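These notes concern the structure reproduced below.
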Amino acid sequence: MKKNALPIVLIGSILLFALVSCASTPEDMIVSTVATEEVQAVQDAAQQLAYLDGNNLLGNTDVAAAARLLELLQDSLEDPSLPAAARSQLLAYRGRVNLILGDKKAAKADYEQALSLNQSELQAEILGVRLGLVSDIGSLVIGRNQQPYVLLEKALANYKKENYLEAVAQFDEAFISLDEFYREAYGQLREHAWRLRNISTSGGDQEYRSLLKQDKITLTQMISVIQGQGDLLYKYTGAKKQDANQVLRQLKSQGLFYSINSWTDVEQLTKDTILTRSLAARFLWNLYHDRRGTLGNAPKYSHQFISSGSPILDVPLDSPDFDAILGSIEKELLDLPDGMNFYPDQPMSGMDFNESIKKIR
């Protein structure tokens, strides 16, 4: 007998342990028996669908990418050796693509065919949710390894309902367990939800809430956002809500759009002028001091940096809004997004301006 040979009793014990372990493995932990190339086909389709879906939910439907994915799915589905479970999943994916392209009839046919092959296919149920045929995905009985996909769908549903804080939490929890491409595909939605997280508690009418979701706003929309805050402009409007264009004219005439540093042609600012970060700083700084009666003596910082230069990389000392920008940062009305640059020409979003104006009180 060789020295390294295992005793027969030990070999038997190992085999018995393996059999017991397999028998006691929870259902949701069983390893898939689908062949590697078939898993890869499903994985490739899932990845392409995630990017397509994420862009579509952001309002960017890539028709060419959808056509390519339909072709890939069709090629895979034509394989006669494809197992029923994999075929069901691919059919569910095809239904999602058809739905993105607006073909609800084809999507429903794919849904029914997918379920006929596998009644427990989660991706088919997700398609059913998207079609409105499944009312509550949270009611499905699922295994532990399927929970991240359900969480992702819940996050997307809460995003559409403007429950942004809840959506962010669900996105983050789902991304922990899902493949990295899901984070890449839906990451912009998560970041958008984070920026809009305070909308749910912001109150106001539908117009006000709609403005908060805008990536950029005009000067008249800026006025509407301020009016949504309450009485911040009563000093200029006579304690009543006026037309935004009329209020804009009043604010211009009372100096709230003039630069502290140098002369600027305020008449070039119209109702359709996009509110940039530098223009927002100018307005916020003037409003901040005007409400306190200190507009004529608003602090000036530029003379302090004549020898050392501007402490902000992209705002030079000779900028007409240097003092307003530095003052707004000092009072935490605005910030340096990356700690070094202000990005003065970048448009202000409705939500970002709303958060800034709340700090004026």
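Since this is a predicted model, take the numbers as computed values, not measurements.
Evaluation of the side-chain hydrogen bond (donor to acceptor under 3.5 Å, both in side chains) rule for Thr220 yields Thr218 as partners, not counting sequence neighbours. With sequence neighbours left out, the ring-ring contact (aromatic ring centres under 6.0 Å, His included) criterion links Phe353 to no other residue. For Ser349, the side chain to side chain contact (heavy atoms under 4.5 Å, CB included) partners are Met351, Asp352, not counting sequence neighbours. With sequence neighbours excluded, no residue forms a side-chain hydrogen bond (donor to acceptor under 3.5 Å, both in side chains) with Ser76. Residues satisfying the side-chain hydrogen bond (donor to acceptor under 3.5 Å, both in side chains) criterion with Tyr186, sequence neighbours excluded, are Asp53. For Ala157, there are no side chain to side chain contact (heavy atoms under 4.5 Å, CB included) partners at least two apart in sequence or on another chain. For Leu77, the side chain to side chain contact (heavy atoms under 4.5 Å, CB included) criterion is met by Leu82, Arg87, Leu90, Leu91, Arg94, not counting sequence neighbours. Scored by the side chain to side chain contact (heavy atoms under 4.5 Å, CB included) test, Asp265 finds Trp263, Glu267, Gln268 as partners (sequence neighbours excluded). In terms of the side-chain hydrogen bond (donor to acceptor under 3.5 Å, both in side chains) criterion, residue partners of Asn261 (sequence neighbours excluded) are, by chain and number, Asp323.
Sequence neighbours left out, the pairs with a member in residues 165-175 that pass salt bridge (charged side-chain N to carboxylate O under 4.0 Å, His left out) are Asp172-Arg190. Identified under the salt bridge (charged side-chain N to carboxylate O under 4.0 Å, His left out) test for residues 328-349, with sequence neighbours left out: Arg277-Asp335. The stretch residues 57-71 participates, sequence neighbours left out, in these side-chain hydrogen bond (donor to acceptor under 3.5 Å, both in side chains) pairs: Asn56-Thr61.
Not a single donor-acceptor pair under 3.5 Å links the side chain of Ser88 to the backbone N or O of Ala84. At distances below 3.5 Å, not a single donor-acceptor pair connects side-chain atoms of Asn158 with backbone N or O atoms of Ala167.
No side-chain heavy atom of Gln147 sits less than 4.5 Å from a side-chain heavy atom of Ser177. By the 4.5 Å heavy-atom criterion applied to side chains, Lys108 and Lys104 are not counted as neighbours.
Within a 6.0 Å radius of NZ in Lys358, other residues, nucleotides and ligands contribute more than 12 heavy atoms. Annotation for Lys161: atom NZ does not count as buried by contact number, only 12 or fewer foreign heavy atoms lying within 6.0 Å. Heavy-atom contacts from other residues, nucleotides or ligands closer than 6.0 Å to CD of Gln254 number more than 12.
In this structure, Phe322 and Phe305 have perpendicular ring planes: the angle between them is above 60°, well past the 30° mark. Taking the six-membered ring where the residue is Trp, Trp285 and Tyr288 present parallel rings, their angle staying beneath 30° rather than reaching 60°.
Annotation: the span from Asn163 atom CG to Leu196 atom CG amounts to 12.0 Å, rounded to 0.5 Å.
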Could you go through Phe175 and Phe171, starting from their C-alpha distance and side-chain angles, then the distance that decides it, and tell me whether this counts as ring-ring contact (aromatic ring centres under 6.0 Å, His included)? CA-CA 6 Å; Phe175 290 158; Phe171 274 127; 5.8 Å; yes
